[in-house]
Amino acid sequence: MNHSINKQYLPRQVETAAQQYWQDHQSFKAKEDSDREKFYCLSMFPYPSGHLHMGHVRNYTIGDVISRYHRMLGRNVLQPMGWDAFGLPAENAAIQNQVAPARWTYANIDYMRKQLKQLGFAYDWDREIATCHPDYYRWEQWFFTRLISKGLVYKKEAEVNWDPVDQTVLANEQVVDGRGWRSGALVERRRIPQWFIRITAYAQELLDDLEKLQGWPEQVKTMQANWIGRSEGIELEFGVADQSDPRYARLSVYTTRPDTLMGVTYVAVATQHPLAQLAAAHNPALATFIEQQSHVKVAEADMATMEKLGMDTGLKAVHPVSGRQVPIYVANFVLTSYGSGAVMSVPAHDQRDWEFARKYNLEIRQVICPIGNTATPDLSKAAFTGKGILINSGQFDGLDFDAAFSALEAYLHQNNKGRRQVNFRLRDWGVSRQRYWGTPIPVINCNKCGTVPVPDGDLPVILPENVEFDATGSPLKKMPEFFQVDCPQCGGSAERETDTFDTFMESSWYYARFACRDFSSGMLDQRTDYWLPVDQYIGGIEHAILHLLYARFFHKLMRDEGLVTSDEPFTRLLTQGMVLKDGSKMSKSKGNTVDPLALIEKYGADTVRMFTMFAAPPDQSLEWSDSSVEGCYRFLKRLWRIVAEHQPKKLPRLSQKSLNETQKQLRFKTHSTLEKVTDDYGRRQTFNTAIAASMELVNAVSRFQETHDSDLDKAIVTEALSVVVLMLAPVVPHFSHELWFYLGNEKPVIDTPWPQADTEALQRSTVLIVLQVNGKLRGKVEVDNSLDNIALEKLALNHDSVQRYISNTRVQRVIVVPGKLVNIVVSA
RNA sequence: GCCAGCGUGGUGGAAUUGGUAGACACGAUGGAUUCAAAAUCCAUUGCCUUCACGGGCGUGGCGGUUCGAGUCCGCCCGCUGGUACCA
């Protein structure tokens, strides 16, 4: 084993050689092997926007570190990579640069793939997927037609942002201060027919199965549960008085607070509610008001923060219990898409209703009295929103929330005016996009047969890639050769759907396709049974709700189609924080980006990888620092020199007892660090502390070397450095690849098992005890670890550093925490 | 607005189950080496106070629980992500 080594750390040479070795040996090609435990590690695939940014580097380094660690644990690892290739930015680039979205996208993919390869990620590139390729999206189209046949898909009208100048639908992101970002025109809400997938049919299961996700962060599960938003309430009906049209005799509302029903003083309906439209037909002022409210973009945040405005319709609702008539208002904050588009308003016990009532001088009627609190709430200051005892509620007076709920439910049920209802905040998934660069929706509209799914044999519906592109909507709508087709059912002339799918469709099942991406006669094959579910998924926290919920939903749809056998797609989830510079998110528009390529050229991939792992724990945001990158480079140079100048010696079989104290200490440090780092990589996934601990061990080796250079000393150093090189191998794989050979090993570091701590080296006979007086640190003492609590207490009380604080006091209590501390509680 | 996080030295962060606050780095200061510089190495480095020994304060703010709180609870402030057509 005569591995020569350059005394200087030359990252470019080292990295080229290691990458060449991996390529020659096809080290990362993943093969199904039922005899071996698999580990599927997946990082969220990138949108090919042009070049990698630091967020990608961080995401993919985390994934690579976890993959390489599990490989060392002996698992059969699959780590694939692909491209979330459809999306809006390609269309914007097309308009700006006169380049077709397809060409732009493929060029970006080529460039970014090169960057990923330079970073040395252990991907099986044979499984690469680009979602814009028909081999991929054809199965999405096929699956959608399956969902149609199962009744899990339907078409309905839904609102979009319409730019009246560019004559195009705008994404929420493209509406800035209520205006189209290119034209500057005031946006309008427009209702158009769109396709929806019934995610609400799975709402309960999506909620219940969160419990199965033991490997997910609590915060993500909480956010998803709140998003699904299950509530139990009552759906009840008000009558409508003075109505001229018998179709609108009833007004349905949903409430989770039926106990406040007798406090209703008005009813609010959405601007698009039939009653609002009915009233507006005879009321020009109301029509104007409704028209004005239509210039707000279709985003919940805008709806919720805008000034709450309303107008009396002149219509009256009839209370289902008291028969009292209350005004019906149109209110801009009532959501058309949630519940029935109408809400009963109880200003005394709901803050938003209270504010609205104050503004429009509507009655505030208290019907709930706080329990165990004689002070009546001051309803001139705010609503009282807590639960309590009913008052001013006639026959329901004196009941508490639960009793009132039951009593009112029974009353409304008997009178056929309401029933118990479970509601979800979650809305069905609108998948239609009026855009070009996406998967064509595989549906044909025929005047005779209605909507007809494209038959299996005619799939895929291929998106034409050579197109002229401008700002006025999808080019597909101007391509008769695309949309003029014969109806598959009657053969008559028909029109192909020109809308495309939401790109969340592609990212909802790519993880499954990676298991069998070359399968050409179906969506998924048997190989998914081996690889799924994904053992570790890594991606940005910004995907905590939408992407992760859609993917969970899609997995259940595929399960119910018999394509996968598991209930959930991702066993363990790590949500990575953002990369910031000067306190804000790195972005092109802010001009604070750092080019990974320039850094790799200057320091090498290993330094860049190490910095992203060392600077912060993976789930926190990471503050960019040039000098800290420099520091990582310095550490690698220093460690390289220490190893290269060291003469490796094999550690003889020895008894720990034959070592001197310093030798014992270094071996203790080596093996205790190994235990800690193993825990950091595996359970904790705090790679920053794993690196810090490794640095500490290197510092200990340096100090040890100053006074020790016998053959046995060198062997102990060899052991320590070998452990360091193995522990750092997942983070700096090229660096470790080279040094591992130098340390006298024949097998490459990637095929070397993760080391195990030597329990004998971890034995200690003493322990450090902290001495406190009244909780304040007053001393430390190293004691034999066989001392019992009584001996510890005695020793603490007599210790000099304690004595001076307790001499003129009375000892009240002594708290002994074995192996940790003694706290003496005294009073003057 | 609503949901979920986060807030610790000059900076990034550590403190894993309520038990030594500031590990490991960066930066800074001083020194060694050098003709000089780079590189490297050594020392110091939370704040206030003291000649020194030492003492006091200190984890966004206010309060609480506890022998003991960065950690648990309540309220408040600030920042970040998401908010269904950015991905």
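Per chain, numbering begins at 1; letters A, B, ... match sequence-line order.
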Looking across every strand, which nucleic acid part, if any, lies under 4.0 Å from A:Gln812 by heavy atom: base, sugar-phosphate, or nothing? nothing

Look at all strands and tell whether A:Thr305 reaches a base, only sugar-phosphate, or nothing, counting heavy atoms closer than 4.0 Å. base

How many Å lie between CG on A:Leu636 and P on B:rC26, as a whole number? 12 Å

Gap between atoms OH and P, on A:Tyr550 and B:rC86 respectively (whole Å): 11 Å

Please determine whether side-chain contact (heavy atoms from CB on, under 4.5 Å) holds for the pair A:Trp195 and A:Ile441, giving the CA-CA distance in whole Å, both sets of side-chain angles, and the decisive distance to 0.1 Å. CA-CA 9 Å; A:Trp195 289 101; A:Ile441 297 179; 4.0 Å; yes

In Watson-Crick or G-U wobble terms, both distances under 3.5 Å, what is the partner of B:rG10? B:rC26

Distance check needed: B:rA84 P versus A:Glu159 CD, whole Å only. 13 Å

Base, sugar-phosphate or nothing for A:Leu771? Non-hydrogen atoms, less than 4.0 Å. nothing

Show your reasoning for whether side chain to side chain donor-acceptor pair (under 3.5 Å) applies to A:Asn6 and A:Trp640. CA-CA 9 Å; A:Asn6 199 318; A:Trp640 184 278; 5.8 Å; no

What nucleic acid atoms does A:Ile691 come within less than 4.0 Å of, heavy atoms only: base, sugar-phosphate, or nothing? nothing

Once you apply a heavy-atom cut-off of 4.0 Å, does A:Arg641 come out as touching a base, just sugar-phosphate, or nothing? sugar-phosphate

Would you find a donor on one side and an acceptor on the other, under 3.5 Å apart, between the side chain of A:Asp302 and the backbone of A:Val296? no

